Amino acid sequence: MNSLDPDLEKRLVEMQRRIASRVVLQDQFSEEAVAGVDQAFSGELVISGAVVLSPSFRVLCTASHIMRAALPYVPGFLCFREGAPATKAVRDLDPKPMLLFVDGCGVNHPRMAGLACYVGIILGVPTIGISKDVLCGSFKKPENVGEAEPLIYREKTVGYGLLSRKGCRPIVVAPGHRISVDSALEVTRRYLKGQKLPEPCRLAHEYANKIKISRSPEPEASP
DNA sequence: GCGACAG
DNA sequence: ATCTTGTCGC
C-alpha cells in the first residue's frame with residue numbers, strides 16, 4: 001500500500017538519477033542569509049513554510065506555499081511529494097538564502113537524491129538535509145552532546161549522526177548540494193541553539209504548522 | 001523469505 | 001507526517 005505504479009516509479013528513478021548527477025559536494029555557500037524549509041500536512045494538502053534568518057538568528061522574512069500532494073509518502077521518493085511546494089515557498093523568499101536547511105535526506109539516499117538534493121538542484125541553492133531517522137546507512141551512537149559519528153552507506157561517509165541535545169536521539173546531517181559532508185556538519189552545529197533541530201529547521205517547522213492551524217476550521221459551538 | 005523504510 | 005493528555009525530567 002506504499003508502493004508506486006511500476007512505470008511511474010521507473011520515471012521517477014530516472015529523474016532522481018539526473019538530479020544526483022548534478023549534485024556538487026564542494027563548498028560553494030555563504031552564511032549571509034541562511035534559511036530553513038519544512039512541510040506540514042492536512043489531509044491531501046502540503047503546507048510548506050520557509051524562513052530566512054540573520055547571522056544572529058533573527059527572522060528576516062518568511063514565505064509559504066500550499067498545494068495538493070502529487071504522491072503519497074513513499075520512502076525514497078519524498079522529493080516528489082514535498083519538493084514542489086518547498087521550492088515554491090523558497091523561491092518567494094527575499095532576501096534569497098545562500099544556504100538552506102531542508103527537512104529530509106540529502107545525499108544519504110539510495111540514489112543520492114534526497115529532498116535536500118532535489119531542492120538544491122532545482123533552485124541552484126546550497127542545501128543541507130536534516131532528518132530524524134536514517135533512510136539508508138548507519139552510524140555508531142554518539143555518546144555525548146555535540147558529538148557526531150559518520151553515517152556510512154556502501155563504504156562511504158554520506159553524512160553524520162549528531163547528538164544535538166541531551167535526552168534526544170541523534171539527528172542525521174547530510175549535504176544536499178554545493179556543500180561538503182564535513183561542512184554540512186560544521187554549519188549545522190553552528191546553527192544549533194539548545195534544541196534538537198538547528199534553528200532554521202525548527203523555525204520553519206513552527207511556521208508551517210502555524211499556517212496550517214490558522215487555516216483549519218474553528219470548532220463549532222453547539223447550541 | 002524476513003525486516004527496514006526521510007516525512 | 002498525523003491522530004492526541006497528561007506527565008516525567010532537566
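Each chain gets a letter, A, B and so on, in the order the sequences are listed, and its residues count up from 1. Since the structure is predicted, the reported quantities are computational estimates derived from the model, not experimental observations.
Looking at heavy-atom distances under 4.0 Å, A:F77 makes contact with a base. Among the heavy atoms of the strands, none lies under 4.0 Å from A:V172. Across all strands, A:G76 comes closer than 4.0 Å to base atoms (heavy-atom distances).
For A:R169 and A:D133, the salt-bridge test passes: some basic side-chain N is under 4.0 Å from an acidic carboxylate O. Looking at A:E14 and A:K10, no side-chain N of the basic residue comes within less than 4.0 Å of a carboxylate O on the acidic one, giving no salt bridge.
For the pair A:Y153 OH and B:dA4 P, the interatomic distance rounds to 17 Å; values are reported in whole Å. Atoms CG (A:L78) and P (B:dG7) sit 8 Å apart, rounded to a whole Å. To the nearest angstrom, P of C:dT2 lies 11 Å from CG of A:D103. Distance, A:L197 CG to C:dA1 C1': 14 Å, rounded to whole Å. If you measure from atom CG of A:D133 to atom P of B:dG3, you get 20 Å, rounded to the nearest angstrom. In this entry the distance linking CD of A:E44 with P of C:dA1 reads 18 Å, nearest Å. Remark: C1' of B:dA6 and CG of A:L71 are 15 Å apart, rounded to the nearest angstrom. Here the P atom of nucleotide B:dA6 and the CG atom of A:D38 are 15 Å apart, to the nearest Å.
Under a 3.5 Å cut-off, the side chain of A:H65 and the backbone N or O of A:S48 do not form any donor-acceptor pair. Between the side chain of A:K96 and the backbone N or O of A:V90 there is no donor-acceptor pair closer than 3.5 Å.
Evaluation of A:Y73 against the base of B:dG7 yields a stacking contact (centre distance < 5.5 Å, interplanar angle < 30°).
Contact between the side-chain N/O atoms of A:K166 and the OP1/OP2 oxygens of C:dG9 is not found at any separation under 4.0 Å. Listed pair A:K212 / C:dT2 meets the phosphate criterion, a side-chain N or O lying under 4.0 Å from OP1 or OP2.
Between A:R165 and A:N209, the one whose closest nucleotide on DNA chain C sits nearer the 5' end is A:N209.
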Would you sort out whether A:L25 and A:I179 count as a side-chain contact (heavy atoms from CB on, under 4.5 Å), showing the intermediate values?
CA-CA 5 Å; A:L25 293 180; A:I179 188 167; 5.9 Å; no

